[in-house]
Amino acid sequence: MPEMPEVEVVRRQLESHILHKEIESIELLHPKITRKNPEFREALVGDTFIAITRIGKLLTFQFKHYHGFMLGHLKMTGQFIYADNQGQIGGGHSLTKADFNLPHKHTRVIFHFKGNSTLYFNDMRLFAYLQLVTPDEKESIWAGYGIEPGTENYTWENFEKIFDRRKTSIKALLLNQKVVSGLGNIYVDEACYRAKVLPFRTVDTLKKSEKKELFKHCSEVMMESIARGGTTFYQVISPDGKKGNFSDELEVFDRAGQPCYKCGNIISKIKHAGRGTHFCSTCQK
DNA sequence: GACAGTGTTTACTC
DNA sequence: TGAGTAAACACTGT
């Protein structure tokens with residue numbers, strides 16, 4: 001599910017719940033999640049999370065003692081859920097881990113903290129991972145990411161350069177994490193709609209004014225989504241067990257066959273760049 | 001029951 | 001090097 005706004009919401013909630021808590025034990029329920037690293041548990045038990053950062057959709061955890069990082073990627077269906085020592089999800093509202101049947105058959109890793117709180121890492125499809133890396137590995141992985149909305153390197157000067165010598169489609173370019181980091185299928189479709197460009201156009205046909213619109217809306221759509229807790233369709237994704245409500249703001253994604261809010265034309269859906277792609281053929285050129 | 005589709009990324013082609 | 005496709009997997013919806 002998650003794109004950058006959803007991962008950022010997860011990061012913030014994890015930060016508020018698990019920092020400075022000592023890891024008492026770890027249950028590894030599926031070897032693939034930790035990339036079959038036999039030292040995973042041994043490396044982290046007794047240690048403490050001290051920082052959680054993010055680049056694009058990649059979470060990066062830092063520890064008090066372990067000299068290295070744990071990278072966490074949710075891919076399509078990964079989720080973290082936190083339960084406090086009373087079993088309350090997110091540490092104190094009406095939901096409990098019984099409401100989520102935790103742990104369940106898709107729970108892959110469980111962190112037990114001193115004081116009896118728990119962090120569950122669930123993933124249905126087994127694409128997600130929690131991986132230990134050295135500081136050098138972390139640096140080189142981070143260096144591979146493109147410019148990211150909401151950070152200082154997301155400037156018009158840098159954005160304009162991503163179109164140089166490229167002939168791929170707008171959608172394929174914006175989905176490429178090495179070029180722009182954080183955008184996924186939902187927000188690319190939404191940004192193209194707001195910028196009034198068709199996502200399958202090749203980037204060499206874009207006018208400067210259109211590139212400027214994309215620059216603006218790629219960032220705006222993600223910032224608005226973070227403010228609303230992200231986009232959630234049918235799975236709860238955040239450690240607090242709460243749903244984001246940015247799905248109420250989606251103008252084209254998942255709206256195939258329904259009328260465009262601006263012109264009333266029916267929203268189209270095609271497959272492009274290997275992904276479901278939504279657009280209004282009247283509003284977007 | 002079979003099969004297409006799913007929000008990500010990467011390895012593999014050409 | 002860039003671009004397109006399939007595959008990793010387990011579900012849901014038709």
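Numbered from 1 within each chain, the chains take letters A, B, ... in sequence-line order. All values below come from the heavy atoms of this structure, side chains included, with hydrogens, waters and symmetry mates left out.
When each of A:Arg125 and A:Tyr129 is assigned the nucleotide of DNA chain B bearing its nearest heavy atom, the one mapping closer to the 5' terminus is A:Arg125.
On the P atoms, B:dA4 is 13 Å away from C:dA6, given to the nearest whole Å. Annotation: C:dT5 and B:dG5 have their P atoms spaced 15 Å apart (nearest Å). With P as the reference atom, B:dT9 and C:dC11 are 22 Å apart, rounded to whole Å.
Across C:dC11, B:dT6, B:dG7, the shortest atom-to-atom separation from the side chain of A:Met124 is found for C:dC11. For A:Thr168, whose side chain is taken as the heavy atoms from C-beta onward, the closest listed nucleotide among B:dG7, C:dA3, C:dC9 is C:dA3. Of the candidate nucleotides C:dA10, B:dT9, B:dG7, B:dT9 has the atom nearest to the side chain of A:Gln177. With C:dA3, C:dC11, B:dG5 as the choices, the nucleotide that has an atom nearest any side-chain atom of A:Lys105 turns out to be C:dC11. Residue A:Arg166 has its side chain nearest to C:dA3 when only C:dA3, C:dA8, B:dT9 are considered. Between C:dC9, B:dT9, B:dG7, one nucleotide has an atom nearer to the side chain of A:Lys75 than all others, and that is B:dT9. Picking from B:dT9, C:dC9, B:dT6 the nucleotide with the shortest atom distance to the side chain of A:Lys269 gives B:dT6.
Taking atom CG on A:Asn122 and atom P on C:dC11, their separation rounds to 13 Å, with Å as the unit. In this entry the distance linking CD1 of A:Ile270 with P of B:dG5 reads 13 Å, nearest Å. Put simply, NE2 on A:His73 is 14 Å from C1' on C:dA8, counting in whole angstrom units. In this entry the distance linking CG of A:Asn176 with P of C:dG2 reads 10 Å, nearest Å. Regarding A:Leu126, its CG atom lies at a distance of 15 Å from the C1' atom of B:dT9, rounded to whole Å. Atom C1' of nucleotide C:dG2 and atom NZ of A:Lys178 are separated by 11 Å, given to the nearest angstrom. Here the C1' atom of nucleotide C:dA3 and the NZ atom of A:Lys171 are 16 Å apart, to the nearest Å. Atom CD of A:Glu3 and atom C1' of B:dT6 are 13 Å apart (whole Å).
For the pair A:Ile26 and A:Ile110, the minimum side-chain heavy-atom distance is 4.5 Å or more.
Heavy atoms of A:Gly184 sit under 4.0 angstrom from primed sugar atoms or phosphate atoms, though from no base atom. Looking at heavy-atom distances under 4.0 Å, A:Lys32 makes contact with sugar-phosphate atoms alone, never a base.
Within the cation-pi definition used here (under 6.0 Å to the ring centroid, within 45° of the axis), A:Lys262 qualifies as a partner of A:Tyr193. By the 6.0 Å and 45° rule, A:Arg108 does not stack over the aromatic ring of A:Phe121.
Residue A:His106 places none of its side-chain N or O atoms closer than 4.0 Å to OP1 or OP2 of C:dA10. A:Lys271 has no side-chain polar atom (N or O) that falls below the 4.0 Å cut-off from OP1 or OP2 of C:dG4. Contact annotation: A:Lys57 does not reach the phosphate of B:dG7 (side-chain N/O to OP1 or OP2, under 4.0 Å).
The distance from the NZ atom of A:Lys212 to the CG atom of A:Leu214 is 13.0 Å, given to the nearest 0.5 Å.
Checking A:Lys21, A:Glu22, A:Glu27 one by one against A:His112, the side chain to side chain donor-acceptor pair (under 3.5 Å) holds for a single residue, A:Glu27.
Every side chain to side chain contact (heavy atoms under 4.5 Å, CB included) that A:Tyr261 has, sequence neighbours left out, goes to A:Glu251, A:Arg255.
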Review point. Does the side-chain hydrogen bond (donor to acceptor under 3.5 Å, both in side chains) test come out yes or no for A:Ser268 and A:His278, once each step is laid out?
Key: CA-CA 6 Å; A:Ser268 305; A:His278 313 71; over 6 Å; no

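Paired regions of DNA chain B, where each region holds three or more successive Watson-Crick or G-U pairs whose two hydrogen-bonding distances fall under 3.5 Å, are B:2-6 with C:10-14, B:8-14 with C:2-8.
For an aromatic pair to be called close, the ring centres must be under 6.0 Å apart, and A:Tyr187 with A:Phe253 fails this. Aromatic ring centroids of A:Phe215 and A:Tyr154 lie under 6.0 Å apart.
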